[in-house]
Structures are given as structure tokens and as C-alpha cells.
Amino acid sequence: MPKMKTKSSAKKRFKITANSKIKVGAAGKRHGMIKRSNKFIRGTRGTMLLSEPDARKVIAYYLPNG
């Protein structure tokens, strides 16, 4: 049987916390900041946690080895 591999793209985008939650960077900050409101730009700083259903999918499909 071949080994289960972690998706390389997922390694770069997601981090698993000690409580098995998934940390991700905020979306929508790559370009086009002129058309975005200051409130939006402030709100997307830093990282955030994925919702529980999405986190389960990420772990199951992309990060099987943790």
C-alpha cells in the first residue's frame, strides 16, 4: 500500500493548533486594495480559524498526517 501524502499546497496554507483547529490567513488581501473599504482591510489582518465543518474536511482530505 502506498503512503498517505500531505498535499503540498495545504502545508503552505493551513496550520493545525494544539486543539485540532485550523488557522488560515485572511482571504482577499492580495491585490485590489483601492476598491476595498478600510473596515474590510482592518478586519482581514492576521489569521483566523476555519469553521468546524471546513476544518474536518481539510484534515481528512489534505492533512491526513496532521
Side-chain angles (χ1 to χ4, degrees):
M1 278 297 284
K3 292 183 179 179
M4 294 273 297
K5 289 191 175 180
T6 297
K7 292 281 185 191
S8 292
S9 59
K11 283 190 286 194
K12 299 166 192 169
R13 287 169 174 79
F14 306 117
K15 296 285 179 228
I16 300 179
T17 66
N19 295 327
S20 298
K21 297 186 180 189
I22 304 286
K23 270 190 353 182
V24 294
K29 292 267 297 194
R30 295 292 176 202
H31 56 82
M33 290 298 107
I34 291 173
K35 65 179 96 169
R36 310 228 196 277
S37 68
N38 288 329
K39 181 179 177 182
F40 176 88
I41 294 170
R42 280 194 310 275
T44 53
R45 274 186 202 144
T47 58
M48 48 193 62
L49 294 175
L50 273 186
S51 64
E52 188 59 36
D54 290 336
R56 271 187 264 141
K57 287 180 185 176
V58 167
I59 290 174
Y61 298 136
Y62 301 121
L63 301 169
N65 301 322

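Pro64 places a side-chain heavy atom less than 4.5 Å from the side chain of Thr6. Side-chain contact between Leu50 and Lys21: absent, with no pair of heavy atoms (C-beta onward) separated by less than 4.5 Å. Side-chain contact check for Val24 versus Met48: some heavy-atom pair is nearer than 4.5 Å. Residues Lys23 and Leu49 meet the side-chain proximity criterion, which asks for heavy atoms closer than 4.5 Å.
Minimum heavy-atom separation, His31 to Arg36: O-NH2, 3.5 Å. Of all the heavy atoms in Tyr62 and Ala10, the pair that sits closest is CB-CB, 3.6 Å.
One distance of note links CZ of Arg56 with OG of Ser51; it measures 9.0 Å at 0.5 Å rounding.
The backbone N or O of Lys5 sits nowhere less than 3.5 Å from a side-chain atom of Asn65 that would complete a donor-acceptor pair.
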Ile22 vs Asp54, side chain to side chain contact (heavy atoms under 4.5 Å, CB included): CA-CA, chis, key distance, verdict: CA-CA 9 Å; Ile22 304 286; Asp54 290 336; over 6 Å; no
Using side chain to side chain contact (heavy atoms under 4.5 Å, CB included), reason through Leu63 and Phe14 one step at a time and then give a plain yes or no. CA-CA 9 Å; Leu63 301 169; Phe14 306 117; 4.1 Å; yes
